[in-house]
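The shown structure was predicted, so the numbers you read here are calculated from the model rather than taken from an experiment.
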Amino acid sequence: MSKILVFDLDGTLAETAGDLIATLNVILARQDIGPVSLSEGRTMVGAGARSLIQRGYEKAGKAISGEPLEKLFRDFLDYYEAHIADNSHLFEGVESALDHFQAKGWLLAVCTNKVQVPARHLLEKLGAAGRFAAICGQDTFQIDGKAVCKPDPRALLMTIEKACGNPAQAIMIGDSRTDIDTAKAASIPVVAVDFGYTDQHVSAFGPDSVISHFDQLAAEIAQLESQFQRLGT
């Protein structure tokens with residue numbers, strides 16, 4: 001098993017809020033609900049499309065659940081997949097950072113609360129899917145018939161296993177409280193980016209370190225990797 005970096009997708013590897021919020025607004029408009037602004041929407045993204053729809057309803061003082069939510073979720077996915085990379089792009093520095101870590105012998109994986117098929121589709125559109133040993137979404141893993149996704153630490157640990165990585169030499173990179181809580185619960189170090197989707201600065205959630213650009217990631221990973229060596233893992 002190899003050392004491994006596990007990345008969140010939306011707000012971490014890629015700027016996707018524009019396409020996600022545009023899709024949300026199409027779905028809301030069909031229900032005669034007013035649009036969400038991009039600035040508002042950036043704080044609502046990160047827990048998956050169902051949650052995004054519910055937050056859009058909450059903003060309008062409404063609630064939705066059960067089968068009506070599931071129907072809108074399916075409608076959301078249909079529209080989003082057709083427009084998945086209209087305005088989305090990898091953050092600056094991502095490609096060179098991934099090049100660096102692959103050259104250093106790291107496995108790379110993605111653990112996202114996006115549904116797996118659109119997650120892979122997006123990364124294919126952005127030319128990055130082939131870099132990852134595993135791309136795992138909110139529907140990739142099931143236990144006792146129930147989906148296992150972040151913040152359940154098993155989602156992260158099973159992603160590492162699927163990629164044939166070593167959990168004792170794994171580091172998570174994310175942008176939200178969900179990512180940080182997931183990594184902590186799995187006893188895995190976590191680096192947070194501060195340019196993603198959260199309503200508070202990520203430092204408030206206690207990551208091991210925070211970066212503001214992917215150019216800073218190599219130094220932070222090297223420092224965390226030295227801890228593995230001191231621990232003999």
Side-chain angles (χ1 to χ4, degrees), residues 1-14 16 20 23 44-55 65-67 69-74 76-78 80-81 84 98 101 106-126 128-193 196-198 205 207-208 233:
M1 294 188 294
S2 301
K3 58 188 181 180
I4 183 169
L5 301 180
V6 183
F7 295 84
D8 174 54
L9 179 49
D10 297 301
T12 299
L13 287 172
T16 58
L20 288 165
T23 300
M44 296 162 61
V45 173
R50 288 184 185 85
S51 177
L52 181 58
I53 294 166
Q54 288 178 310
R55 290 169 180 175
S65 61
E67 181 52 34
L69 175 60
E70 291 305 304
K71 181 184 183 303
L72 293 190
F73 173 68
R74 293 189 293 269
F76 184 103
L77 291 184
D78 287 345
Y80 180 62
E81 285 217 50
I84 199 164
L98 298 182
F101 292 118
W106 288 87
L107 284 175
L108 307 175
V110 170
C111 181
T112 176
N113 274 346
K114 220 178 190 70
V115 174
Q116 180 178 304
V117 168
R120 178 170 288 278
H121 184 197
L122 174 62
L123 287 167
E124 287 170 349
K125 286 279 191 179
L126 300 181
R131 294 178 176 273
F132 298 101
I135 299 171
C136 301
Q138 65 167 254
D139 58 336
T140 302
F141 306 113
Q142 292 201 353
I143 296 177
D144 297 329
K146 294 183 179 179
V148 177
C149 60
K150 300 180 297 185
D152 190 322
R154 294 174 296 180
L156 175 54
L157 293 170
M158 286 189 285
T159 297
I160 293 167
E161 180 180 10
K162 187 176 180 67
C164 298
N166 182 356
Q169 292 184 298
I171 299 171
M172 176 82 185
I173 300 94
D175 72 309
S176 68
R177 181 172 192 160
T178 296
D179 296 320
I180 294 165
D181 287 350
T182 301
K184 286 182 173 182
S187 298
I188 287 172
V190 56
V191 177
V193 303
Y197 309 143
T198 178
F205 309 131
D208 292 277
T233 58

Qualifying salt bridge (Lys or Arg N to Asp or Glu O under 4.0 Å) pairs with a residue from residues 161-178, counting only residues at least two apart or across chains: R177-D181
Side-chain donor/acceptor pairs under 3.5 Å, residues 145-160, sequence neighbours excluded:
unit_1 : atom_1 : unit_2 : atom_2 : d
K150   : NZ     : D8     : OD1    : 2.9
K150   : NZ     : C111   : O      : 2.8
K150   : NZ     : D179   : OD1    : 2.6
D152   : OD1    : R154   : N      : 2.9
D152   : OD1    : R154   : NE     : 3.1
D152   : OD2    : R154   : NE     : 3.1
D152   : OD2    : R154   : NH2    : 2.7
T159   : OG1    : A155   : O      : 2.7

Distance (rounded to the nearest 0.5 Å) between D10 CG and L52 CG: 10.0 Å
Closest approach of I84 to P118 (non-hydrogen atoms, all atoms of both residues): CD1-O, 3.1 Å
Rounded distance (nearest 0.5 Å) linking atom CD1 of I53 with atom CD of E70: 8.5 Å
Salt bridge (charged side-chain N to carboxylate O under 4.0 Å, His left out) partners for K184, two or more places apart: none
Heavy-atom pair of closest approach, residues D208 and P189: OD2-CA, 3.2 Å
Atom pair CG (L72) and CD (Q54), whose distance is rounded to the nearest 0.5 Å: 10.5 Å
Shortest non-hydrogen separation from G11 to T16 and the atoms involved: N-OG1, 4.4 Å
Closest contact, heavy atoms only, K114 versus A119: CD-CA, 3.8 Å
Min side-chain heavy-atom separation L123-L9 under 4.5 Å: yes
Side-chain touch F73/V115, heavy atoms, less than 4.5 angstrom: yes
Gap between atom CD1 of I171 and atom CD1 of I188 - 0.5 Å precision: 9.5 Å
Could you list the donor-acceptor pairs under 3.5 angstrom formed between side-chain atoms of residues 131-140 and any protein atom two or more places apart in sequence or on another chain?
unit_1 : atom_1 : unit_2 : atom_2 : d
R131   : NH1    : D99    : OD1    : 2.9
R131   : NH1    : Q102   : OE1    : 2.9
R131   : NH2    : D99    : OD1    : 2.9
Q138   : OE1    : R50    : NH1    : 2.9
Q138   : NE2    : N113   : O      : 2.6
D139   : OD1    : Q116   : N      : 2.9
T140   : OG1    : Q116   : OE1    : 2.5
T140   : OG1    : G137   : N      : 2.6
T140   : OG1    : G137   : O      : 3.3

Side chain proximity check, F205 to T178, heavy atoms < 4.5 angstrom: no
Check: M44 and L20 side chains under 4.5 Å, non-hydrogen atoms: no
Side chain to side chain donor-acceptor pair (under 3.5 Å) partners for T23, two or more places apart: none
Nearest-0.5 Å distance that lies between atom CZ in F101 and atom CG in L5: 5.5 Å
Counterpart residues, side chain to side chain donor-acceptor pair (under 3.5 Å), relative to E67 (two or more places apart): R74
